[in-house]
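Contents: one structure, followed by commentary.
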Amino acid sequence: TLPCLAGARPCIPKDFGHGSLVCVCNATYCDTLDPLVLPAPGSYVKYESSKAGKRLERSEGRFQSSLRTPGSATGGWRCHRGVPKRHGPSRALPAGLLLTLNISTLYQKMKGFGGSLSDAAAMNILKLSQPAQDNLLRSYFSESGIEYNLIRVPMACSDFSVRPYSYDDVPDDFELKHFRLAEEDVKMKV
């Protein structure tokens with residue numbers, strides 16, 4: 001179990017050139033986030049990162065209901081930062097993002113968020129010291145990080161592997177008598 005750190009710790013930027021900044025995460029330091037708190041009904045929370053230096057900068061706003069979009073007979077919800085502004089149905093909308101939400105129709109359920117663990121990612125993680133690995137994994141999976149709860153693992157090799165391999169290279173082995181996990185799977189992914 002990885003202990004969670006209380007409170008947010010800011011990003012220590014490292015410049016790799018060409019406007020490519022990353023946050024330092026090593027054996028002694030890794031940036032963290034404040035715990036996520038669900039917004040009140042009718043509100044939203046936005047996290048924004050940018051090349052200009054924003055790193056998961058948090059802002060809040062409220063949805064405005066009963067807003068009619070130009071040329072539309074249905075109401076939409078307009079996202080604003082801060083306090084919502086009222087607009088009559090016949091007035092044009094100000095420039096910006098318009099989200100029209102129909103909360104009575106659901107199409108799919110969200111199971112979570114995550115990323116891919118390729119051979120290349122696993123090899124790089126294993127090259128880190130144990131404290132650096134702990135900090136990195138905490139930054140992905142803990143409440144003081146981005147709270148991933150899903151990981152996609154490629155079956156056999158991918159374009160991020162150092163060699164081609166599969167689980168059964170014997171032709172016509174339909175009963176999979178020669179099926180074996182590769183060393184990469186046992187050492188890095190399972």
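If you read the sequence from its start, that first residue is 1, and numbering goes on from there.
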Is Leu137 reachable from Val22 through a run of I, L, V, M, F, W or Y residues, each pair having side-chain heavy atoms under 4.5 Å apart?
no
Side chains of Ser142 and Ser144, donor plus acceptor under 3.5 Å:
yes
In terms of hydrophobic clustering (I, L, V, M, F, W, Y; side-chain heavy atoms under 4.5 Å; direct or indirect links), are Met188 and Val153 co-clustered?
no
Minimum heavy-atom distance between Tyr165 and Glu184, given as atom pair plus value
OH-CB, 3.5 Å
Shortest non-hydrogen contact from Arg62 to Pro41?
NH1-O, 3.8 Å
Any sub-3.5 Å donor-acceptor pair from Asp185's side-chain atoms to Ala182's backbone N or O?
yes
Identify the two heavy atoms, one from Asp168 and one from Phe179, that lie closest to each other, and give their separation to 0.1 Å.
OD2-N, 3.7 Å
Rounding to 0.5 Å, atoms CG (Asp159) and CG (Asp119) come to a distance of 10.5 Å
4.5 Å side-chain heavy-atom contact, Asn149 and Lys111
no
Answer yes or no: is there a side-chain heavy-atom contact under 4.5 Å between Leu150 and Phe113?
no
Check SG atoms, Cys23 and Cys11, less than 2.5 Å apart
yes
Once you measure the plane-to-plane angle for Tyr140 and Tyr148, does it fall in the parallel (<30°), tilted (30-60°) or perpendicular (>60°) bin?
tilted
Leu117 versus Ala122, closest heavy-atom pair with distance
CD1-N, 4.0 Å
Please check this pair: side chain of Gln133 against backbone of Leu128, looking for a donor-acceptor N/O pair closer than 3.5 Å.
yes
Can you tell me how far apart OH (Tyr47) and CD (Glu57) are? Round to the nearest 0.5 Å.
11.5 Å
Shared ILVMFWY cluster between Met155 and Leu181, side chains joined below 4.5 angstrom?
yes
Please say yes or no: joined through hydrophobic side-chain contacts below 4.5 Å, possibly via intermediate residues, are Leu176 and Val186 part of one cluster?
yes
Over 12 non-hydrogen atoms of neighbours within 6.0 angstrom of CD in Glu183
no
Taken to the nearest 0.5 Å, the spacing of Cys25 SG from Leu136 CG works out to 5.0 Å
When hydrophobic residues are tied together by side-chain contacts of less than 4.5 Å, even through go-betweens, does Leu126 share a cluster with Val162?
yes
Considering all heavy atoms of both residues, which atom of Lys14 and which atom of Val24 are nearest to each other, and what is their separation?
CB-CG2, 4.0 Å
Gap separating the CZ atom of Arg138 from the CD1 atom of Ile146, nearest 0.5 angstrom
14.0 Å
Just checking Tyr167: does its OH atom have more than 12 heavy atoms from other residues, nucleotides or ligands closer to it than 6.0 angstrom?
yes
Exercise: identify the closest heavy-atom pair between Lys189 and Pro154:
NZ-O, 3.6 Å
So does Pro164 get a backbone contact from the side chain of Ser161, meaning a donor-acceptor N/O pair under 3.5 Å?
no
